[in-house]
Amino acid sequence: MGPKEHQQQHSTACLPGRQENLVTLPTPSSCTISFENLVYSIPEPLTSLPRLPCPGQSRPRKSILRGLSGICKAGELTAIIGPTGGGKSTLLDALAGRKTLDSGVVLLNGQRPGADFRRLTGYCEQQDCLLGTLTVRETLQFSAELRLPASFSSSSFSYPSTSSSSSSSSSSFSSSRFKDIERAEKSKRTARIQARVSAVIKELGLDACADSLVGTQFLRGISGGEKKRTNLGRELVTAPSIIFMDEPTTGLDSQTAGTVVDILSRLAMHQNKTVVLSIHQPKFSIFKRFHSLILLHEGVVAYAGRAEKGERYFQRLGFEKEASNNPADWFVELLTTTATGAGGKGEGERDEETGGGVEMALRVAADKMVYEGGSEEGREEETKELVIEVQEGGREGSEVHKAQQRAGQQVTDMTASTTSPTTRTSFAPPSSSSSSSSSSSSSSPSSLPSSSSSSYLTDLYLQSAEYKALLSEMALLKQTPSPSSSPSSSSLSHSSSFATTLSHQIRVLSHRTLLCSWRNPASAMMQFGAMFFFIAMIGGIYWKMDLGPQGLQNRVGAFFILIMMCMFSNISALELFIEERSVFLHEKANGCYRPAAYFWAKSLCDIVPLRVIPAVLFCAAVYPMMGMRSGLEHWALFTATVILSMLSAAALCLMVSSWIPIFAVANLGVALIFILFLITGGVLINFEQLPSWLLPFKYVSIFRYAMEILSVNELSGLVFECPEGSPPGCVGATGDGYLALQQYPRYEDLWINFLAITAIFVLCMALTFVSLRRIKVR
């Protein structure tokens with residue numbers, strides 16, 4: 001089908017009569033994605049190497065995508081099908097801009113997409129990344145609040161809304177009038193967002209569960225199919241022009257999987273969206289909803305074109321399909337079992353089937369001549385050359401050889417292979433015997449396409465009329481781009497890559513965080529419960545300490561336990577980023593908000609209610625219970641030290657949780673760090689007795705700085721009584737003597753300790769922010 005015929009089909013598919021049963025949603029601009037010669041590789045795992053590379057030597061690379069080219073058209077549902085490990089998800093990530101390619105280009109309407117490309121797309125991952133303590137409606141509502149621009153209006157979208165008030169002829173407004181207008185605009189935006197969310201819920205059939213919680217592993221919620229549709233709805237509220245879905249049928253029964261794919265197909269046809277999904281082996285009722293097909297195996301394309309023409313294409317090559325066989329099953333079987341036909345036969349078997357190979361090659365040659373407009377008469381010599389060319393895997397300088405070079409040479413240059421053996425692929429048609437024979441002689445996935453099992457079908461595809469038509473259509477798309485239909489290059493080229501401001505994102509994320517905490521109060525309850533427990537324990541044990549002979553020891557012990565409590569009670573901050581890590585990665589990759597907005601919202605919603613407020617309550621209760629020095633100045637110094645210690649410990653936990661995604665490992669790491677702080681705090685062992693390798697830790701020990709402040713604040717100027725039975729004239733221990741013995745700073749120099757604890761807090765928070773910015777999506 002040519003480009004003109006394809007456009008005519010789209011125009012008829014989008015007639016108003018075809019969408020009378022659909023909810024009116026915004027119709028996005030047409031976006032056609034084309035990609036040329038995509039090459040992507042990753043370093044080989046160290047465990048798979050025969051020996052570790054020498055210092056300075058680069059690791060060998062494993063090729064994942066090997067020179068892929070294709071097109072995903074607007075108004076179509078394009079399915080990427082192939083066996084496991086064929087590169088489906090990697091290709092989907094590459095098209096969505098989530099991978100840094102070794103080479104190749106992805107174009108949007110024939111042009112390179114802008115930095116705001118993510119605002120035009122919606123990406124649904126294989127695993128549903130949803131917050132279980134939110135309802136379906138709230139999930140869509142928060143997504144719309146974060147991703148829809150503040151200026152979106154009914155003129156841009158098809159939602160009915162009240163017309164905006166006419167501009168006043170007055171040149172200035174009073175402050176109250178301006179606030180009223182601003183409040184009215186916010187109210188209108190909220191109403192439009194609610195209308196958008198309601199329309200998406202109705203479109204996806206989520207009315208029955210719209211106000212139900214999504215659910216967690218401890219809280220029962222909606223079903224798996226409803227989660228898939230909720231995940232899709234979270235992207236649809238932004239009216240994306242392009243939708244990517246990675247394995248949308250994973251974990252669903254056949255009926256629910258068919259419902260999800262049917263929704264995607266209707267979205268593509270009736271709203272002119274470009275829908276691209278990866279899928280392993282769909283049933284026939286799902287397969288017939290696909291418009292276009294991309295067959296992948298070992299990182300190369302075996303076929304790309306219309307889905308309904310795929311069967312005829314492979315049958316024309318000599319492959320036979322049973323009438324009762326599902327086309328998708330047949331395609332995957334061809335991709336996985338053609339290895340024996342490509343290179344798994346012995347010499348004798350190849351000789352027996354040479355006739356069949358020549359016959360199939362003649363069909364390919366005939367297709368090529370018909371496409372190029374030539375006749376079959378007088379082309380016998382050219383046909384023989386093509387047969388030999390395909391049999392030998394492409395001789396040097398031929399078209400097949402050039403295509404193989406484009407597909408694999410760039411990856412080969414990056415690998416550390418020292419030999420480049422010449423490969424020869426036999427051209428034999430598939431048969432029952434070849435399908436059952438051993439495929440152990442097939443090449444590894446990291447070799448060139450010409451030596452892999454996928455080269456057999458790839459070479460045929462590169463010589464087919466379908467591939468020629470694809471190249472012509474891609475060239476036409478680049479030559480005649482439509483600026484009006486390229487949102488990324490026109491309407492959004494001068495806007496930010498984020499739809500809303502930083503302050504708006506912080507406000508929305510804070511609201512979401514507090515709402516989730518309110519519905520799952522276990523962490524807050526434990527934090528306050530632990531605080532009340534420590535108040536009772538410390539206040540009861542050290543009740544009204546006097547200046548007796550044991551007064552000095554009691555005070556030092558109370559400070560030790562108090563600071564240790566401040567540190568270890570904040571390990572609960574570890575779950576702050578670990579628990580929602582998958583949600584953050586998904587939303588960051590989709591451009592929902594800036595990492596800074598997430599960092600500030602989560603930090604403020606954790607620090608203020610769970611660190612500062614409990615610390616103030618603790619100090620207000622414990623300080624008089626322990627009978628410490630009276631005076632507002634001493635109490636304020638005591639309270640500030642406790643708050644700073646808790647904030648620094650919490651910041652350290654946040655930093656570790658942003659680095660380590662496993663809670664058990666992060667918990668152990670934080671515990672080891674806190675133990676090092678206790679050892680280097682100057683109480684358990686004198687600094688002069690510390691090993692030299694432990695001494696640097698005393699400069700970052702929260703325990704040391706807090707212990708010094710509390711001790712100087714309480715013990716300065718105190719004189720303790722002598723023990724009973726002491727001789728007359730006995731002078732009791734003094735607080736100043738103890739401070740001098742421990743080499744603690746003077747009262748006037750305590751600001752240095754405060755500055756040190758504050759610096760630790762700021763440094764940990766800064767490293768946390770950097771980690772969130774640099775964290776990789778996959």
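- Rounding to the nearest 0.5 angstrom, the gap separating the CD atom in Glu580 from the OG atom in Ser657 is 11.5 Å.
- For Gln505 (side chain) and Thr500 (main-chain N/O), a donor-acceptor pair under 3.5 Å exists by modelled atom type.
- Ile685 places a side-chain heavy atom less than 4.5 Å from the side chain of Leu690.
- The aromatic rings of Phe142 and His511 stand perpendicular to each other, their planes meeting at an angle above 60°, with 30° marking the opposite boundary.
- Side chains of Arg555 and Leu547 form a contact here, defined as non-hydrogen atoms less than 4.5 Å apart.
- Remark: the backbone N or O of Ser716 is paired with a side-chain donor or acceptor of Arg629 at under 3.5 angstrom.
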Stepwise side chain to side chain contact (heavy atoms under 4.5 Å, CB included) check, Phe244 with Asn590
CA-CA 11 Å; Phe244 299 102; Asn590 283 4; over 6 Å; no
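- Counting only heavy atoms from C-beta outward, the side chains of Thr641 and Ile563 never approach each other to under 4.5 Å.
- To the nearest 0.5 Å, the span separating CD1 on Ile607 from CE on Met646 amounts to 11.5 Å.
- Exactly one of Val642, Leu644, Ile561 qualifies for a side-chain contact (heavy atoms from CB on, under 4.5 Å) with Cys566. That residue is Val642.
- Here the OH-NE2 distance, from Tyr593 to His504, works out to 13.5 Å after rounding to the nearest 0.5 Å.
- Atom CG of residue Leu148 and atom OG of residue Ser143 lie 7.5 Å apart, to the nearest 0.5 angstrom.
- In this structure, Arg519 places its CZ atom where more than 12 heavy-atom neighbours from other residues, nucleotides or ligands lie under 6.0 Å away.
- Formation of a donor-acceptor pair under 3.5 Å by the Lys588 side chain with backbone atoms of Leu772 is found in this model.
- Distance check: Leu695 CG to Glu688 CD gives 10.5 Å after rounding to the nearest 0.5 Å.
- Without hydrogens or angle criteria, Gln689 side chain to Asn686 main chain gives no donor-acceptor distance under 3.5 Å.
- In terms of heavy-atom proximity, Phe498 sits nearest to Gly591 at CD2-O, 3.7 Å.
- Surrounding CD of Glu748 are more than 12 heavy atoms belonging to other residues, nucleotides or ligands, all under 6.0 Å away.
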Would you check, one step at a time, whether the test side chain to side chain contact (heavy atoms under 4.5 Å, CB included) holds for Trp543 with Met625?
CA-CA 6 Å; Trp543 177 264; Met625 292 173 66; 3.9 Å; yes
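- You'll find the side chain of Phe638 stays beyond 4.5 Å of the side chain of Ile709, heavy atoms only.
- Relative to the six-membered ring of Phe687, Lys698 meets both conditions, a distance below 6.0 Å and an angle of at most 45° to the axis.
- Ring centroids of Phe534 and Phe618 are separated by 6.0 Å or more, keeping the two rings apart.
- In this structure, Tyr40 and Thr100 have side chains that are not in contact, with every pair of non-hydrogen atoms separated by 4.5 Å or more.
- In this structure, Glu587 does not pair ionically with Arg147, as no charged nitrogen and carboxylate oxygen lie closer than 4.0 Å.
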Does the side chain to side chain contact (heavy atoms under 4.5 Å, CB included) test come out yes or no for Tyr542 and Leu562, once each step is laid out?
CA-CA 11 Å; Tyr542 299 100; Leu562 191 148; over 6 Å; no
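- Here the closest non-hydrogen pair linking Ser648 and Ile760 is CB-CG2, 4.5 Å.
- Using a 4.5 Å heavy-atom threshold, the side chains of Ser89 and Arg98 count as separate.
- Listed for the Asp211 side chain is no donor-acceptor partner under 3.5 Å among the backbone atoms of Thr135.
- Side chain of His586 to main chain of Leu130: no donor-acceptor pair is present (N/O by atom type, distance under 3.5 Å, no hydrogens or angles).
- In this structure, Phe568 has its ring center closer than 6.0 angstrom to the ring center of Phe674.
- Partner of Asp128 under the side-chain contact (heavy atoms from CB on, under 4.5 Å) criterion, out of Thr230, Asn231, Val214: Asn231 alone.
- Here the closest non-hydrogen pair linking Leu678 and Leu684 is O-CD1, 3.9 Å.
- Of the possible polar contacts, none joining the Thr250 side chain to the Gln126 backbone as a donor-acceptor pair under 3.5 Å is found.
- Between the side chains of Arg507 and Thr501, no donor-acceptor pair is found at a separation under 3.5 Å.
- Enclosure of atom CE in Met537 by more than 12 non-hydrogen atoms of other residues, nucleotides or ligands within 6.0 angstrom is indicated.
- At least one donor-acceptor pair under 3.5 Å links the side chain of Ser517 to the backbone N or O of Thr513.
- A salt bridge is defined here as a Lys NZ or Arg NE, NH1 or NH2 lying under 4.0 Å from an Asp or Glu carboxylate O, and Arg512 with Glu138 fails to meet this definition.
- Side-chain atoms of Arg196 come within 3.5 Å of backbone atoms of Val237 as a donor-acceptor pair (strictly under, hydrogens ignored).
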Steps toward salt bridge (charged side-chain N to carboxylate O under 4.0 Å, His left out) verdict (Glu247, Lys228):
CA-CA 10 Å; Glu247 300 282 357; Lys228 287 288 183 183; over 6 Å; no
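- Between Cys619 and Thr639, the shortest heavy-atom distance links the atoms CB-OG1, 3.4 Å.
- Between Asn667 atom CG and Leu672 atom CG the span is 9.5 Å, to the nearest 0.5 Å.
- Ring centroids of Phe560 and Phe703 are separated by less than 6.0 Å, placing the two rings close together.
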Checking side chain to side chain contact (heavy atoms under 4.5 Å, CB included) for the pair Val612/Leu647: CA distance, chi angles, key distance, verdict?
CA-CA 8 Å; Val612 176; Leu647 291 181; 4.2 Å; yes
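- At least one side-chain heavy atom of Pro745 sits less than 4.5 Å from a side-chain heavy atom of Asn753.
- Remark: the backbone N or O of Arg611 is not paired with any side-chain donor or acceptor of Gln527 at under 3.5 angstrom.
- Here the closest non-hydrogen pair linking Leu654 and Phe577 is O-CD1, 3.8 Å.
- Residue Phe663 places its CZ atom among more than 12 non-hydrogen atoms of other residues, nucleotides or ligands, all under 6.0 Å distant.
- When all heavy atoms are compared, the tightest approach of Met707 to Val556 is CE-O, 3.6 Å.
- When ring centroids are compared, His634 and Tyr623 stay outside the 6.0 Å threshold.
- Side-chain contact check for Thr216 versus Asn520: every heavy-atom pair is 4.5 Å or farther apart.
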